[in-house]
Protein chains: 2
Amino acid sequence: MTEAPASPSSEPSVRPTSYDVAKRAGVSQSAVSRCFRPGSSISKKTKAKVLKAARELGYFPNAMASGLMTRRTGMVAVIISSLTNLYYPEVLAEITQRLSDKGARVLLFALRAESEVGEILEQVWRYRVDGAIVAAHLSPEQIRQFVRHEVPVVLYNRSGGDEPVSSVSCDSFGGEKLLVDKMVKAGHRSFGILSGPPDSFVGCERVQAAIDSLAAHSLNAAVASGNFDYASGRSGLAQLIEDAGGQLDAVLCANDLMAIGALDEARARAITVPDNLSIVGFDGVAPASWESYRLTTIRQPVRRMSAAAVEMILARIADPSCPPEARNFAGSLIEGASARLA
Amino acid sequence: MTEAPASPSSEPSVRPTSYDVAKRAGVSQSAVSRCFRPGSSISKKTKAKVLKAARELGYFPNAMASGLMTRRTGMVAVIISSLTNLYYPEVLAEITQRLSDKGARVLLFALRAESEVGEILEQVWRYRVDGAIVAAHLSPEQIRQFVRHEVPVVLYNRSGGDEPVSSVSCDSFGGEKLLVDKMVKAGHRSFGILSGPPDSFVGCERVQAAIDSLAAHSLNAAVASGNFDYASGRSGLAQLIEDAGGQLDAVLCANDLMAIGALDEARARAITVPDNLSIVGFDGVAPASWESYRLTTIRQPVRRMSAAAVEMILARIADPSCPPEARNFAGSLIEGASARLA
DNA sequence: TTGAAAGCGGTACCAA
DNA sequence: TTGGTACCGCTTTCAA
C-alpha cells in the first residue's frame with residue numbers, strides 16, 4: 001500500500017502544473033492562471049471548473065514561477081543578529097505573524113557573527129525578496145547596497161545614518177533620561193553603567209544616553225562592559241562594585257538580561273536591592289516582570305514597533321517611491337522593585 | 001546626487017541578468033550560468049572574465065529562476081507553534097544557523113493558533129520548499145500531505161504516529177522517570193503535576209510519563225492544567241496546593257517556564273523550596289539556571305537535536321528514497337536547588 | 001471572457 | 001570547453 005501506484009502519465013500524481021489543471025478542466029492554461037490571480041477577468045463558470053480540477057489534483061501555483069514575471073516573491077527577508085537575546089524572539093514572533101497576516105512570507109536570516117552579514121546579503125539579493133527588515137548591524141555601505149539593489153528596507157532599533165532608509169526604534173535617550181532623572185531625584189549619586197557589546201547600536205546609544213542624562217545633573221558614571229547576557233550582568237556588577245570601592249548607588253544596564261544578572265549578583269553578595277543599590281534595565285522582556293526580579297525598566301512597545309515595521313516595509317514595497325521614514329517610539333517606565341525612584 | 005542618473009539602456013543599473021553579464025564578458029549566457037553552478041566545466045580564463053563582469057554589474061543569479069529548472073529552491077520551511085515559549089527561540093536559532101551553514105535558507109512560519117496550519121501548509125506547497133522542519137502540532141492527515149506532496153519533513157519533539165516521516169525528540173519518559181525515581185527515593189509521596197496545553201504533544205507525553213513513572217511506585221498524582229507559561233505555573237501551583245489540602249511534597253511541571261512560575265508562587269506563599277516542596281521542570285532553558293531559580297530539571301540536548309534535525313532533513317532532500325528515521329535523545333538531569341533528590 | 005504566444009531568468013542537453 | 005536551444009511553470013499582452 002505504501003508503494004506508489006504507477007500512475008498513468010495522463011494523471012500527474014504530485015506537483016501538477018497549471019497545464020495539468022487546464023487539461024482536466026477543459027480550458028486553456030491562461031484561464032487557470034487567471035483563476036489564481038485576483039482581479040483577473042474570468043467568468044464564474046470557468047473559475048468553478050478550474051478550481052474543482054485544481055482541488056482534485058492538489059494544485060497550487062508555483063510561487064517561484066509566478067515571481068519570475070511579476071517580479072514579486074512575496075517574501076520579506078528578516079535579518080536578526082542574536083536570536084538568543086531574550087528580546088528578539090518576541091520581535092520575531094510579532095513580525096512574522098503580522099507579515100503572514102498580510103500575505104507575506106518570512107525568509108529568516110540569523111547571524112552568529114557580524115562577519116556573516118556579507119554572505120547573508122548575497123542570499124538576500126539572490127532570492128529577490130520584496131523587502132527586508134533588519135535588526136542587525138549593517139555598515140553604511142551595506143545599507144547603500146539595499147538602496148542600490150532597490151530592496152526596500154526597514155531598520156529595527158538602529159538608525160540608517162545618512163542613508164535614505166526607513167527605521168523604527170525605541171527612544172533610548174528618552175528612556176534613559178526618565179530613569180536617570182527619577183533616580184537622581186530619589187537621591188542616587190554614584191552611578192555605574194553596564195554597556196552592551198560594542199557592535200550593538202542600541203547598546204551604545206543607551207550607554208551614551210545614560211551618560212548624557214547624568215551629565216545634565218553634573219554626574220558621571222563608571223562604565224563596565226557587558227555583552228547583553230546574564231553572565232556579563234553578574235560579572236559586570238562585580239566589576240563595578242570593585243571599581244567603585246563601596247560607592248555605588250545605582251546601576252544602569254543596557255538591557256534587561258544584564259540587569260537580571262546584576263540583580264542575582266547583588267543578591268549573592270547580600271546587597272539589598274533597592275535599599276542599598278538600585279538596578280535598572282531596558283527592554284521590558286518577560287522575565288523582568290517575574291516575581292523574583294520585578295525589574296524597574298523601560299519597556300519597548302514591541303507590538304507597536306513590530307506593527308510599524310511591517311506596515312512600513314509593505315508600504316514601501318507597494319510604492320517604492322514612498323519616502324523613507326524614521327519612527328521613534330517612546331518606551332514606558334515599568335516601576336518594578338529594583339530601584340528607588342522619586 | 002540622490003537623483004538616479006538616466007543610465008543608457010545598454011548598461012542595466014539594477015538586477016542585471018545573466019545576459020547582461022554575458023554581453024559584458026563577451027561570452028554566451030550559458031557560460032555565465034556555468035560559472036555560478038559548481039561542478040560545471042568551465043575554463044579558468046572564461047570564469048575569471050565572467051566573474052569580473054558579474055562583480056562590476058552587481059550580478060547575482062536569480063534563485064527563483066534557477067529553481068524552476070533544478071526543482072530546488074534551497075529553502076527549508078520551519079514551522080513553529082509558539083515562538084514566545086522560551087524554549088523555541090533556542091531551537092530556531094540553532095536550526096537556522098545550521099541550515100545556513102549548509103547552504104539552505106529558512107522560510108519561517110510561526111503559528112498563532114493551530115487553526116492556522118491549513119493556510120500555512122498551502123504556502124509551503126506554493127513555495128516548493130525542499131523540505132520542512134516542523135515543531136508544531138500536525139494532524140495525521142496534514143502529515144500525510146507532506147508525503148503526498150513529496151516534501152521531506154522532520155518533526156521536532158513530536159512523533160509522526162504511523163506516518164512514514166522522520167522525527168527527532170527528547171525522551172519524555174526517560175526524563176520524567178529519572179526525576180520521579182530520584183524524588184521518590186528521597187521520600188516524596190504526594191505528587192502534583194502541572195500539564196501543558198492539551199494540543200501540545202510533548203506536554204501530554206510528559207504528563208503521561210510522569211503518571212506512569214509514579215504508577216511504577218504505586219503512587220498517583222493530582223494534575224492541574226497549565227499552558228506552558230509563567231502565569232499558569234503560578235496559578236497551577238496555587239490550585240495544586242488548594243486541591244491537596246496541605247499534602248503536597250513535589251510538583252512535576254511539564255516545562256521550565258511553569259516550574260519557574262511555580263517557584264515564584266511558592267516563594268510568595270513562604271513555602272520553603274526544596275525543604276517543604278520540591279519543584280522540577282523540563283527543558284533546561286537559560287532562566288532555569290539563573291541564580292534566583294536554580295531549577296532542577298531535564299535539559300534537552302538542543303544543539304544535538306537541532307543538528308540531527310538539520311542533518312536528517314538535508315539527507316532526505318539529497319536522497320528522498322532514504323528511509324525516515326525517528327531519533328529520540330535522552331535529556332540530562334540538571335540538579336538545581338529546587339528539589340530534594342536521592 | 002477566452003486562448004495563443006511571447007516572455008521572465010535561469011538550467012541542461014546537445015553538437016561543435 | 002563552448003554556444004545554441006529547448007525547456008521550467010507561470011504572467012501578460014493581444015486577438016479573437
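Here the structure is a predicted model, which is why all the values come from computation and not from measurement. FYI, side chains are in, hydrogens and waters are out, and symmetry mates aren't considered; it's all heavy atoms of this structure. Proteins get letters first, then strands, A, B, ... in listed order; numbering begins at 1 in each.
- Of the residues in residues 39-48 of chain A, those lying under 4.0 Å from DNA chain C by heavy-atom distance are A:S41, A:I42, A:S43, A:T46.
- Taking a cutoff of 4.0 Å between a charged side-chain nitrogen and a carboxylate oxygen, A:E141 and A:R148 qualify as a salt bridge.
- By the 30° and 60° cut-offs, the orientation of the rings of A:F60 relative to B:H149 is tilted.
- Among residues two or more places apart in sequence or in another chain, the ring-ring contact (aromatic ring centres under 6.0 Å, His included) test is passed with B:Y127 by none.
- Between A:F146 and A:W125, the ring planes lie perpendicular to each other; the angle is over 60°, past the 30° to 60° tilted range.
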Under 4.0 Å protein heavy-atom contacts per nucleotide of nucleotides 8-16 of chain D, with B for base, S for backbone only and - for none: BBBBB----
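- Legend: residues meeting side-chain hydrogen bond (donor to acceptor under 3.5 Å, both in side chains) with A:S159, ordered by chain and number and at least two apart, are absent.
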Hey, can you pull the donor-acceptor pairs under 3.5 Å for the side chains in residues 319-327 of chain B, sequence neighbours left out?
unit_1	atom_1	unit_2	atom_2	d
B:D319	OD1	B:S321	N	3.1
B:D319	OD1	B:S321	OG	2.6
B:D319	OD2	B:S321	OG	3.3

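- With sequence neighbours left out, the side-chain hydrogen bond (donor to acceptor under 3.5 Å, both in side chains) criterion links B:S167 to no other residue.
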